[in-house]
Engineer: 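The structure's right below; bear with me while I get my questions together.
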Amino acid sequence: MAAAAGLKRHRLTLEVTFASENDKKAFQEKLDAAKRLILPLHQRDTHSFLNAMLDRILATATTSGSVTSIPPVVTPIGNSFLDTSGVFTGDNNPDDQKLFVVEKRCFNNLCQGLTQNCSCTRYPSWQVKTFVQKGHVARVCFKCCSCGVTRTWASSRILNGRYLANQKLVHAFTCAGMLPQQFVSFCKFAGIGEIKKHYMHTMYNRLQYRDVIKGIAEISMQNAVEDIKALPHYATKGEWVMTDARHDSTGNALHTTVPCLAGSTCRIVGICTVSRAEHQVADTRELVCTRLVIADVQARGLNVTEVAHDYEPLVTRFITEELLAINSYDTWHGTKNIVKEIRKICRGTAANRDKTWFIDLSDKSKRI
């Protein structure tokens with residue numbers, strides 16, 4: 001009986017739960033790897049491993065004289081650093097909905113900073129103290145859990161006293177042709193931070209962004225003209241261009257823009273914008289813009305011999321009577337009445353057969 005009592009074992013069960021089978025397998029692999037590193041081959045059971053780990057932790061605490069120096073226990077999350085492996089759970093927390101833009105270089109700096117020891121030389125353990133969003137950029141203050149020292153991080157570098165990411169997004173929406181109000185509304189609904197109109201105004205004017213873009217555009221259009229002049233047909237035939245008016249709104253638009261596209265290369269060789277202050281009536285503003293843009297293209301040294309547009313009578317008169325060039329229409333306006341005209345000679349009354357229409361052509365309009 002005494003021998004039997006001496007062989008009696010007492011069991012302690014530790015239950016570990018995992019979010020998925022993959023997390024369980026990953027934990028088991030880490031556990032086996034740690035056993036191989038710490039224990040000899042004949043003692044690699046879980047009981048011996050836990051004993052060895054506890055002995056090391058207690059020895060570390062005893063040597064330093066403070067339990068707070070024990071490295072914090074990090075709960076394994078399998079193959080992902082994100083809660084629930086990055087799956088959105090819909091916890092109705094408005095802070096989780098905030099989005100921001102981050103540069104790759106700044107993100108790398110953040111990863112390096114969070115893994116470095118604090119000035120107190122203890123195990124790195126940081127928590128977010130404050131989170132402030134500046135436009136599309138996040139500015140975060142981290143606090144050391146051991147000594148309370150703080151460090152700051154921003155998701156973007158600074159250029160000319162302003163965050164680079166904010167300036168890049170203003171540049172992107174401007175070059176994409178979006179209006180400022182459209183960009184503000186997009187950012188608001190996307191939740192990526194907002195840039196106010198006064199910020200855009202400062203960037204356009206005081207930071208000379210508008211002048212820089214205008215200079216780049218001028219160089220691009222002049223290069224396009226030089227490329228056209230080098231084409232074989234240019235010396236004898238000149239170049240044909242296409243214009244079309246675009247208004248910023250329906251009705252009496254505030255601004256009207258007419259670009260000039262080269263027919264041979266499909267490149268912009270000129271552009272002109274006229275505001276309501278310069279010409280009040282939007283319906284006749286296309287003629288004013290066309291005059292200016294054609295004159296600008298000619299000033300670049302391009303011989304314009306033909307102009308295609310969207311069937312505007314005033315523009316037609318300007319091209320034929322003042323510019324003395326060939327007038328034509330763009331593809332849509334030039335061909336939109338073809339079907340209507342062909343049907344006149346393909347069908348009709350019996351009295352007009354072989355006069356205004358012909359039976360031999362009756363099947364042609366079906367193919368168009």
Engineer: For the side chain of Ser155 and the backbone of Val102, is there at least one donor-acceptor N/O pair under 3.5 Å apart?
Structural biologist: no
Engineer: Apply side-chain contact (heavy atoms from CB on, under 4.5 Å) to residues Asp310 and Tyr329 and explain how you reach the verdict.
Structural biologist: CA-CA 6 Å; Asp310 57 352; Tyr329 303 115; over 6 Å; no
Engineer: For His233 and Ser264, does a side-chain donor sit closer than 3.5 Å to a side-chain acceptor?
Structural biologist: yes
Engineer: Using side-chain heavy atoms (C-beta onward) and a distance below 4.5 Å, is Asn109 in contact with Arg157?
Structural biologist: no
Engineer: Please tabulate, one pair per line, all N/O donor-acceptor pairs under 3.5 Å involving side-chain atoms of residues 182-189, not counting sequence neighbours.
Structural biologist:
from	atom 1	to	atom 2	distance (Å)
Gln182	OE1	Leu179	N	2.9
Ser185	OG	Gln181	O	3.0
Ser185	OG	Gln181	NE2	3.4

Engineer: Measure from the side-chain N and O atoms of Asp296 to the backbone N and O of Leu292, and report whether any donor-acceptor pair falls under 3.5 Å.
Structural biologist: no
Engineer: Quick one: list whatever passes side chain to side chain donor-acceptor pair (under 3.5 Å) with Gln167, sequence neighbours left out.
Structural biologist: none
Engineer: Return yes when atom CG of Asn303 has more than 12 non-hydrogen atoms of other residues, nucleotides or ligands closer than 6.0 Å, and no otherwise.
Structural biologist: yes
Engineer: For Arg285 and His279, indicate whether the former's side chain and the latter's backbone hold a donor-acceptor pair under 3.5 Å.
Structural biologist: yes
Engineer: Between Thr174 and Tyr204, does the side-chain hydrogen bond (donor to acceptor under 3.5 Å, both in side chains) criterion hold? Intermediate values first, please.
Structural biologist: CA-CA 10 Å; Thr174 303; Tyr204 287 151; 2.7 Å; yes
Engineer: Starting from Leu164, walk the hydrophobic network (Ile, Leu, Val, Met, Phe, Trp, Tyr; side-chain heavy atoms closer than 4.5 Å) and list everyone else you reach, by chain and number.
Structural biologist: Leu159
Engineer: Taking the basic N atoms (NZ, or NE/NH1/NH2) and the acidic carboxylate oxygens, is any pair closer than 4.0 Å for Arg246 and Asp244?
Structural biologist: yes
Engineer: Could you point out which residue of Ile271, Val274, Ile294 forms a side chain to side chain contact (heavy atoms under 4.5 Å, CB included) with Cys289?
Structural biologist: Val274
Engineer: Do Val149 and Trp126 have side chains that approach each other closer than 4.5 Å (heavy atoms only, starting at C-beta)?
Structural biologist: yes
Engineer: Quick check: are there more than 12 heavy atoms from other residues, nucleotides or ligands sitting under 6.0 Å from NZ of Lys229?
Structural biologist: yes
Engineer: Clusters formed by hydrophobic residues whose side-chain heavy atoms approach within less than 4.5 Å: which one holds Ile216, and what are its other members?
Structural biologist: Val212
Engineer: Indicate whether any N or O donor in one side chain lies under 3.5 Å from an N or O acceptor in the other, for His255 and Asp248.
Structural biologist: yes
Engineer: So, does His136 use its side chain to make a donor-acceptor pair with the main chain of Val101 at under 3.5 Å?
Structural biologist: no
Engineer: Are Lys196 and Glu194 close enough for a salt bridge, meaning some N to O gap below 4.0 Å?
Structural biologist: yes
Engineer: Scan side-chain atoms only and decide if Gln28 and Asp32 contain a donor-acceptor pair under the 3.5 Å cut-off.
Structural biologist: yes
Engineer: Quick one about Thr305 and Glu239 (side-chain donor to acceptor, distance below 3.5 Å, no hydrogens or angles considered), yes or no?
Structural biologist: no
Engineer: A quick test of your reading: do over 12 heavy atoms of other residues, nucleotides or ligands sit less than 6.0 Å from CZ of Phe107?
Structural biologist: no
Engineer: Which heavy-atom pair separates Ala154 from Tyr163 by the least distance, and what is that distance?
Structural biologist: CB-CE2, 4.0 Å
Engineer: Using the side-chain hydrogen bond (donor to acceptor under 3.5 Å, both in side chains) rule, take Gln112 and Gln116 through it: C-alpha gap first, then chi angles, then the decisive distance, then the call.
Structural biologist: CA-CA 6 Å; Gln112 293 175 4; Gln116 291 176 355; 5.1 Å; no
Engineer: Give every residue pair that meets the side-chain hydrogen bond (donor to acceptor under 3.5 Å, both in side chains) criterion with at least one member in residues 210-221, sequence neighbours excluded.
Structural biologist: Glu218-Arg300
Engineer: Rounded to the nearest 0.5 Å, how far apart are NZ of Lys25 and CG of Asp23?
Structural biologist: 11.5 Å
Engineer: Could you list the donor-acceptor pairs under 3.5 angstrom formed between side-chain atoms of residues 318-327 and any protein atom two or more places apart in sequence or on another chain?
Structural biologist:
from	atom 1	to	atom 2	distance (Å)
Thr320	OG1	Thr316	O	2.9
Thr320	OG1	Arg317	O	3.4
Glu322	OE1	Arg291	NH1	2.6
Glu322	OE2	Arg291	NH1	3.4
Glu322	OE2	Arg291	NH2	2.9
Asn327	OD1	His309	NE2	2.7

Engineer: As an exercise, state the distance from CD of Glu29 to CZ of Phe27, rounded to the nearest 0.5 Å.
Structural biologist: 12.0 Å
Engineer: Nearest 0.5 Å, what's the CE-NE2 distance between Met203 and His201?
Structural biologist: 13.5 Å
